[in-house]
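What you see below is based on every heavy atom in this structure, not just the backbone, and it leaves out hydrogens, waters and symmetry mates.
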Amino acid sequence: MYDIVVIVLVGVASGTLNAIGGGGTFVALPALVAFGVPPVAANAVSRIALAPGAVASAWVARRDAAPLGGTSTRALTAVSVVGGALGAVLLLALPSESFDAALPWLLLFATLLLAFGGRLSLLIARAAGEDAVLGPRAVLAGQFVLALYGGYFGGAVGILMMALWSVGLRLDAAAGNPMRLVQLAAIYLGAGALFLFVPDVRGNLPLLLGMLAGAVAGGWAGAHLARRLSARLLKGSILTVAATTTTLYFLAA
């Protein structure tokens, strides 16, 4: 009973973080590993569990999601679903040892992106020039690459999307957040649909269902809270969790 309560709370925290600014993977993945789930299976379970929460967030934000860079929402979403599914295929096709070895470095990459992504976006924007704007094909190609990464690992993929859109389309973070939620849900659904067939996932069904229930509640509430919380305080909290998790994984490795 205690385990289920804890995993539900983990789901609530992960779903809320994903809805507000990203970082749910930093809570969900280590928690599942701590419960004894192998890293690859933990990655799959977390993606399935967080998908309904992402959908709940996207549903709340759907009316505010505006098309990007001349692309239709339908086309961008289709690319996200396909890219997420192919990323999941990569995760399942490659040896589990490859993911185990790469995991600390993936966490480090996502942590650094979380910490310095805003400054990096600004530097790239200045170097590209104020008039540089991505065309529809470039937007879709960039989204496919990000969705591929999101299907394979997913850490900070929402931050990567906002970085791409802010640099390539001059899109304000607040204006782009509704579309970020929609595309995050599409990536999670594309990957999660394939992860359902993984035996280790079905073997951890109680953890999956507990996290899923919490993530739906957190995703729904987080989408509403996103307009009220301090962005600086939220980012600091996520970054603390991310840095701690990354350090622990490197020490374990």
Side-chain angles (χ1 to χ4, degrees), residues 3-4 6-7 10-11 13-15 17-18 22-54 80-114 144-160 184-212 214-215 241-253:
D3 291 352
I4 295 300
V6 171
I7 208 65
V10 168
S14 301
L17 289 175
N18 275 343
T25 301
F26 288 109
V27 178
L29 182 59
L32 289 168
V33 173
F35 274 99
V37 183
V40 171
N43 193 19
V45 169
S46 67
R47 206 67 48 79
I48 298 170
L50 296 181
S80 294
V81 171
V82 172
L86 290 177
V89 170
L90 284 178
L91 179 67
L92 299 177
L94 295 175
S96 60
E97 293 80 6
S98 300
F99 182 78
D100 294 347
L103 182 55
W105 297 100
L106 290 169
L107 288 169
L108 178 61
F109 170 73
T111 301
L112 292 175
L113 183 67
L114 179 63
F144 175 76
V145 173
L146 295 183
L148 194 69
Y149 165 78
Y152 181 79
F153 176 55
V157 67
I159 299 167
L160 279 169
L184 187 65
I187 293 171
Y188 275 29
L189 287 173
L194 293 181
F195 288 146
L196 284 171
F197 298 97
V198 178
D200 284 343
V201 169
R202 297 193 297 271
N204 290 283
L205 195 58
L207 294 177
L208 169 60
L209 294 178
M211 182 174 286
L212 188 152
V241 174
T244 302
T245 301
T246 302
T247 301
L248 290 174
Y249 268 88
F250 269 105
L251 291 174

What heavy-atom pair brings [X] and [Y] nearest, and what distance separates the two atoms?
| X | Y | answer |
| --- | --- | --- |
| Ser46 | Ala28 | CB-CB, 3.9 Å |
| Ala49 | Ala215 | O-CB, 3.5 Å |
| Asn43 | Tyr152 | ND2-O, 2.8 Å |
| Pro39 | Val33 | CA-CG2, 4.3 Å |
| Gly24 | Leu17 | N-CB, 3.9 Å |
| Ala54 | Tyr188 | CB-CD2, 4.3 Å |

| request: Kindly compute the distance separating CG (Leu189) from CG (Leu50), expressed to the nearest 0.5 Å. | output: 11.5 Å
Can you give me every donor-acceptor pair (side chain of residues 194-207, partner residue at least two apart or in another chain, under 3.5 Å) with its distance?
{"residue": "Arg202", "atom": "NH1", "partner": "Phe197", "partner atom": "O", "Å": "3.3"}
{"residue": "Asn204", "atom": "ND2", "partner": "Asp200", "partner atom": "O", "Å": "2.7"}

| request: Mind checking side chain to side chain donor-acceptor pair (under 3.5 Å) for Ser80 and listing every partner two or more places apart, or none if nothing turns up? | output: Gln143, Gln183
| field | Beyond-backbone contact of Leu29 with Leu103, side-chain heavy atoms, under 4.5 angstrom | value | yes
| Does Asp3 reach the side chain of Phe35, with side-chain heavy atoms less than 4.5 Å apart? | yes
| request: Run the numbers on Leu32 and Ile7 for side chain to side chain contact (heavy atoms under 4.5 Å, CB included), then give the verdict. | output: CA-CA 8 Å; Leu32 289 168; Ile7 208 65; 4.0 Å; yes
| said: Please determine whether side chain to side chain contact (heavy atoms under 4.5 Å, CB included) holds for the pair Val157 and Tyr149, giving the CA-CA distance in whole Å, both sets of side-chain angles, and the decisive distance to 0.1 Å. | reply: CA-CA 7 Å; Val157 67; Tyr149 165 78; 4.2 Å; yes
| said: Closer than 3.5 angstrom, by distance alone: can the side chain of Arg47 be matched with the main-chain N or O of Gly150 as a donor-acceptor pair? | reply: yes
